Amino acid sequence: MIRLVRKQLFSRTAGLSLRPYHHIAVVGTGPSAFYTAKYCLDINDTVHVDFFEKLPTPYGLVRSGVAPDHPEVKTVQETFTQVAESPRVRVFGNVKVVESSTPNSDQNTLSMEELRKSYSAVVLAYGASSDVSLNLPGESMRGVLSSRSFVNWYNGHPDFAHLDETAFDLSKVEHVVIVGQGNVALDCARILSKHPDDLRETDISTQAHKALCRSQVKSITIIGRRGHIQSAFTIKELRELTRMRGVQVLIDSTELELGRTEASMQELENNRPKKRIVDLIEAISLGSNANEESSTGGDDINTVHRTIRIKYLVTPLEIIGDCKTECEGNNDYPEQVKGIKVVRNKLTGVAHKQKAVPVSVDGENSDATEVLPCDLLIKSVGYKCEKLGDSVPFNTQTHTVPQSKGRVVQSVQPDASPVTGLYVTGWLKRGATGIIASNIPDAKETAAAIGEDLRAGVLKDLDNALLVNGGTSDGVAAPQLPWMKSGMGQKVLKSNTVVSWPEYLKIEREEERRGATFTPAKVKDKITSISEMLKVAKE
Ligand code: NAP
């Protein structure tokens, strides 16, 4: 109540300097973070935003997730740049937000507690940093990796950039199996099978492109546990597979027949987009569109160099390794994957809730199982968010932060009360689903909750004097918030390793400059080492 009266007094006062001011910390700089910041800035001009990003570079999945041959998707960065360049926004790159700060850490860390004390509100937008597991022995074998690792690798994420030196060698890989049939699985299949010349001018990591040039991949099998009507990919991504030169897509029509259960046919009713996907799948199975629209042309347009087989109604049972050579008695050489044993499934259950059930328990009926040979196995069965620490509620079933309209709530109970000043957005809020644009309504909802709470006086008003005090001795523009004066804050700011927005732009310009030196020119030659990024940023 007192807060409300104070607020009304402020709003009746003509002088700007007497207005309250609100500062929001956003943890992460992916699409959900930027969209939420954008809508928070629209609340009113008392709102300021500080971003915290653990890498020196921003944009999350737009930089490290979107496939390099989908540049049109990356144009969203222009909107995000406008947000970052607002005078009410600061970016603290190369700073990791953790449960409790660790003074001895080499990394720049700030604790949630410090942020909660310093800001009017904290928005968690750090996305998914882990993978759904297949829960099969052998997942740690050489040549077995998650699609998240593979995608980060070809996109030059510093933590994954050298994966081809440690986890797989495409010059020795002939057969690939990808488990899962979402768009990420199709992205991996497309990058692995595309002619390397058709990736040359993109911003693909230069190291990954060199590895793809040496690739011996001949076949890629994308396996799904359910039927074709339950495929999780979208039509654009499927069509793209059929339009690559030298690549043939194969689908077995008998598997489609098994998937046409009564419940599956009901799933198609009144679902025009799904029917169009199913029509394309059926056309592919009849061989009517293989290579029909190769977009890039070239001498070898009609010669099939690689096949992509989309295989339905099978579940992985066992990852099979080969330990005959390097690995025996030597832990430095884990077993190399050689295949995956799968069991045939049937669909049971009602429409939209059909489950895949193995036709043979534990694969004991050998007719129902088969081994798909592979030298590289990519698990693409979904991304998973990680808990930040015990002070932030977390739903261990859904791997999301429990929330109501973007307000973090104390627990997963339906009547749980909100945690004042703590919000969530993006994959951490709704799970790892949806395209970049799905973040727009999601971010609007979270920003609306912040706006309501701000107007209701729930959020901390900060001292407006902070805004006019100029920069700090560390060169950070005002306002100087409490965390900046704390021990950890001082350590972080004095380390000369925090990357501001103008410093990030130096990294980007350098990547573009290096890209231009290639023939033909690359959009960017991404810097994949953090120390090199920092060198460029601080030059
Ligand atoms: P996804 O779309 O949820 O697909 C996951 C796939 O894994 C499904 O086929 C699922 O089958 C299967 N799966 C899950 N658990 C499994 C298990 N234990 N064993 C076997 N199969 C299993 O996930 P995603 O491909 O990681 O994509 C994440 C989100 O990003 C999606 O919303 C996607 O559309 C989006 N995305 C979009 C684009 C684009 O627009 N180009 C690109 C990349 C990602 P069931 O259906 O049987 O569960």
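First listed ligand is number 1; within each ligand, the first listed atom is number 1. Quick caveat: nothing in here was measured; it's all calculated off a predicted structure.
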Distance filter under 4.0 Å to Gly180 heavy atoms, resulting ligand 1 atoms
7 (O)

Heavy atom of the protein closest to atom 44 (C) of ligand 1 (residue, atom name, distance):
Val184 CG2, 3.5 Å

Taking C-beta and beyond as the side chain, do Asp252 and Lys311 meet within less than 4.5 Å on heavy atoms?
no

May I ask you to decide whether Asp442 forms a salt bridge with Lys429, counting only side-chain N to carboxylate O separations under 4.0 Å?
yes

Can you say whether the rings of Phe394 and His399 are parallel (under 30°), tilted (30 to 60°) or perpendicular (over 60°)?
perpendicular

Give me the residue, atom name and distance of the protein heavy atom closest to atom 4 (O) of ligand 1.
Gly182 CA, 3.5 Å

Per-atom contacts, ligand 1 versus Ser380 - under 4.0 Å to a heavy atom:
6 (C), 7 (O)

Any protein heavy atom < 4.0 Å from atom 10 (C) of ligand 1:
no

Please work out whether the ring planes of Phe150 and Trp153 are parallel, tilted or perpendicular, with thresholds of 30° and 60°.
tilted

Under 3.5 Å, N or O to N or O, is Gly434 touching ligand 1 that way?
yes

Would you mind running through ligand 1 and noting each atom that sits below 4.0 Å from a heavy atom of Arg226?
45 (P), 46 (O), 47 (O)

May I ask you to test the Thr307-Val247 pair for a side-chain heavy-atom distance under 4.5 Å?
no

Can a salt bridge be assigned to the pair Glu240 and Arg243 using a cut-off of 4.0 Å between side-chain N and carboxylate O?
no

Nearest non-hydrogen protein atom to atom 38 (C) of ligand 1, with distance, is Asn183 CB, 3.5 Å

Backbone N/O of Tyr312 and side chain of Glu255: donor-acceptor pair under 3.5 Å
yes

With atoms numbered from 1 as shown, which atoms in ligand 1 lie under 4.0 angstrom from a non-hydrogen atom of Ala432?
28 (C), 29 (C)

For ligand 1, which atoms, with element, lie under 4.0 Å from some heavy atom of Asp187?
42 (C), 43 (C)

Could you see which bit of Ile435 sits under 4.0 Å from ligand 1, with heavy atoms only: side chain, backbone, both or neither?
side chain

Ligand 1-proximal atoms of Pro316, by part, heavy-atom distance under 4.0 Å
neither

Specify the protein heavy atom at minimum distance from atom 21 (N) of ligand 1: its residue, its atom name, and the distance to 0.1 Å.
Val381 CG1, 3.5 Å

What is the nearest protein non-hydrogen atom to atom 23 (O) of ligand 1, stated with its residue, atom name and distance?
Gly382 CA, 4.4 Å

Gln181 heavy atoms, cut-off 4.0 Å: which ligand 1 atoms fall inside?
6 (C), 8 (C), 9 (O)

Test of proximity, Thr433 against ligand 1: N or O pairs below 3.5 Å
no

Atoms of ligand 1 under 4.0 Å from any heavy atom of Glu237, numbered from 1 in the order shown, are 39 (C), 40 (O), 41 (N)

As a test of understanding, state which of Glu267, Arg226, Gln266 forms a side-chain hydrogen bond (donor to acceptor under 3.5 Å, both in side chains) with Gln354.
Glu267

Within the structure, is a non-hydrogen atom of Gly224 found at a distance of less than 4.0 Å from ligand 1?
no

Specify whether the nearest protein heavy atom to atom 40 (O) of ligand 1 is under 4.0 angstrom away.
yes

Does Lys384 pair with Asp131 as a salt bridge, N-O distance under 4.0 Å?
no

Among Lys74, Arg63, Lys522, which residue satisfies the salt bridge (charged side-chain N to carboxylate O under 4.0 Å, His left out) criterion with Asp203?
Lys74

Does the plane of the ring in Phe160 sit parallel, tilted or perpendicular to the ring in His157? Use 30° and 60° as the thresholds.
perpendicular

Flag Arg225 as yes when one of its N or O atoms lies below 3.5 Å from any N or O atom of ligand 1, and as no otherwise.
yes

Flag the pair Glu282 and Arg276 as a salt bridge only when some basic side-chain nitrogen lies within less than 4.0 angstrom of an acidic carboxylate oxygen.
no

Is the closest heavy atom of Val132 to ligand 1 under 4.0 Å?
no

Any ion pair linking Lys218 and Glu174 (charged N to carboxylate O, less than 4.0 Å)?
yes

Within 4.0 Å of some non-hydrogen atom of Ala232, the atoms of ligand 1 are 2 (O), 4 (O), 8 (C), 9 (O)

